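Notes follow once the structure below has been shown.
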Amino acid sequence: MREFVYHRPLSLAEAERLFAASAEGRYLSGGMTLIPTMKQGLATPVDLVDLGRLPELKMLLVEDGYLVVGAATTHTEVQTSPIVADAIPALADLAGQIGDPHVRHRGTIGGSIANNDPAADYPAAVLALGATIETSRRTLPAEEFFQGMFSTALEEGEIVTRIRFPIPERAAYRKFSNPASRYAMAGVFVAMLGDGEVRVAVTGAGQDGVFRASEMEDALSAELNPAEIEAIVVDPATMLSDLHGSAAYRANLVKVMAKRAVADLLA
């Protein structure tokens, strides 16, 4: 790991100033991806700007029918919060399935969605619930924020500040984890929103990262029943394939996890 200058700003404005003044700066949130990347020499920032203590990024509340989660909220805080458990228990359940205790105590929701790892869990909830992402400069709907594998709409120096989740009528998340990394080989989040709309988002399986399963959404909107998914064909040509699982295997996992999530949602 190369030497770098570590900064701990006390405000969002100071963080952006430090980043703008650096020739090669990086923001640090939980560091669960960035630090290993730096150790391997794949990232060599000159300045590391720690966002972990910014008060603007620390919140967890219900406001006007939305669950508002600050970007610096750790996975454990989401998992154990009575506010989350009351508003969107499926989100608390999802957070509890991320990695191991170390990852959950250090990793943050903002860092996870900003990194947009194709096997990360949160993007499925953000997309299925139709959340909006607030940044230091603007507000973006989930459909515009996620733009492909490890790619988002964030501009240079822009910081995710909070995520606003509409509180659904019901929701559930099921994933098949890689036994070593605990990342999702296929994870499906199903949500019935307040207006009756059913949304389904898939993580861990798609070649372009998280995506909505529109055919499943149509079928489940007609009848919210796991059996409605049985006849749907998930195209393996759009699935990831690696040493952990073939594209055909992941395509099957998507259907299985979707049916289990719907069953949980109805329980």
Side-chain angles (χ1 to χ4, degrees), residues 75 78-79 84-85 87-99 112 117-131 142-143 146 149 165-242 244-267:
H75 310 324
V78 174
Q79 176 190 3
V84 179
I88 313 178
L91 188 64
D93 177 59
L94 177 151
Q97 297 183 49
I98 297 173
S112 175
D117 189 301
D121 297 279
Y122 278 124
V126 171
L127 192 56
L129 290 167
E143 280 83 354
F146 299 114
M149 190 177 294
F165 294 95
I167 297 176
E169 287 292 319
R170 292 181 273 181
Y173 178 66
R174 277 296 192 107
K175 78 168 179 177
F176 189 90
S177 304
N178 182 306
S181 68
R182 312 306 297 170
Y183 273 109
M185 291 183 64
V188 181
F189 199 102
V190 180
M192 174 181 276
L193 304 185
D195 59 1
E197 178 187 10
V198 177
R199 293 170 60 113
V200 181
V202 180
T203 190
Q207 291 181 357
D208 293 325
V210 66
F211 66 93
R212 285 178 65 183
S214 57
E215 196 172 354
M216 290 186 184
E217 291 177 346
D218 292 341
L220 294 171
S221 295
E223 183 176 352
L224 193 59
N225 189 313
E228 296 300 311
I229 296 173
E230 190 56 48
I232 293 174
V233 177
V234 178
D235 185 2
T238 64
M239 297 288 107
L240 289 168
S241 181
D242 55 28
H244 303 296
S246 68
Y249 181 60
R250 278 190 166 85
N252 183 62
L253 280 180
V254 170
K255 284 185 61 172
V256 173
M257 294 302 111
K259 287 192 286 187
R260 291 180 181 178
V262 175
D264 288 348
L265 187 147
L266 294 171

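The shown structure was predicted, so the numbers you read here are calculated from the model rather than taken from an experiment.
Residues Asp242 and Arg250 meet the side-chain proximity criterion, which asks for heavy atoms closer than 4.5 Å. Residues Arg174 and Val188 form no side-chain contact, since every pair of their non-hydrogen atoms from C-beta on lies 4.5 Å or further apart. At a threshold of 4.5 Å between non-hydrogen side-chain atoms, the residues Glu217 and Glu197 do not count as touching. Using a 4.5 Å cut-off on side-chain heavy atoms (C-beta onward), Lys255 and Met216 make contact. The shortest distance between side-chain heavy atoms of Phe189 and Leu127 does not fall below 4.5 Å. For the pair Thr238/Phe211, no side-chain contact is recorded, criterion being any heavy-atom separation below 4.5 Å from C-beta on. The shortest side-chain heavy-atom distance between Leu266 and Arg170 falls under the 4.5 Å cut-off. In this structure, the side chains of Phe176 and Asn252 stay at 4.5 Å or more apart for every pair of heavy atoms.
Heavy-atom minimum distance, Pro118 versus Gly209: CB-CA, 4.1 Å. Nearest heavy atoms, Gln79 versus Ala95: N-CB, 3.8 Å. The two residues Ala124 and Ala201 make their nearest non-hydrogen contact at O-CB, 3.3 Å. The heavy-atom pair separating Ala205 from Val202 by the smallest distance is CB-CG1, 4.2 Å. The two residues Val190 and Ala261 come nearest to each other via the heavy atoms CG2-CB, 3.8 Å. Considering all non-hydrogen atoms of both residues, Pro168 and Ala171 come closest at CG-CB, 4.1 Å.
A distance of 6.5 Å separates CD1 in Ile232 from CG in Leu220, rounded to the nearest 0.5 Å. The CD1 atom of Ile88 sits 6.5 Å away from atom CZ of Phe165, with the distance rounded to the nearest 0.5 Å. Rounded to the nearest 0.5 Å, atoms CG (Leu91) and CG (Asp121) are 10.5 Å apart. Between atom CG of residue Leu240 and atom CE of residue Met149 there is a gap of 4.5 Å, rounded to the nearest 0.5 Å. Within the model, atoms OG of Ser221 and CD of Glu228 stand 10.5 Å from one another, a figure rounded to the nearest 0.5 Å. Leu193 contributes atom CG, which lies 7.0 Å from atom CG of Leu129 (distance to the nearest 0.5 angstrom).
Looking at Gln207, its side chain does come within 3.5 Å of a backbone N or O of Met239 through a donor-acceptor pair. Using a distance-only test at 3.5 Å, with no hydrogens or angles considered, a donor-acceptor pair links the side chain of Lys175 to the main chain of Arg182. Checking side-chain atoms of Thr203 against main-chain N and O of Ala186 turns up no donor-acceptor pair under 3.5 Å.
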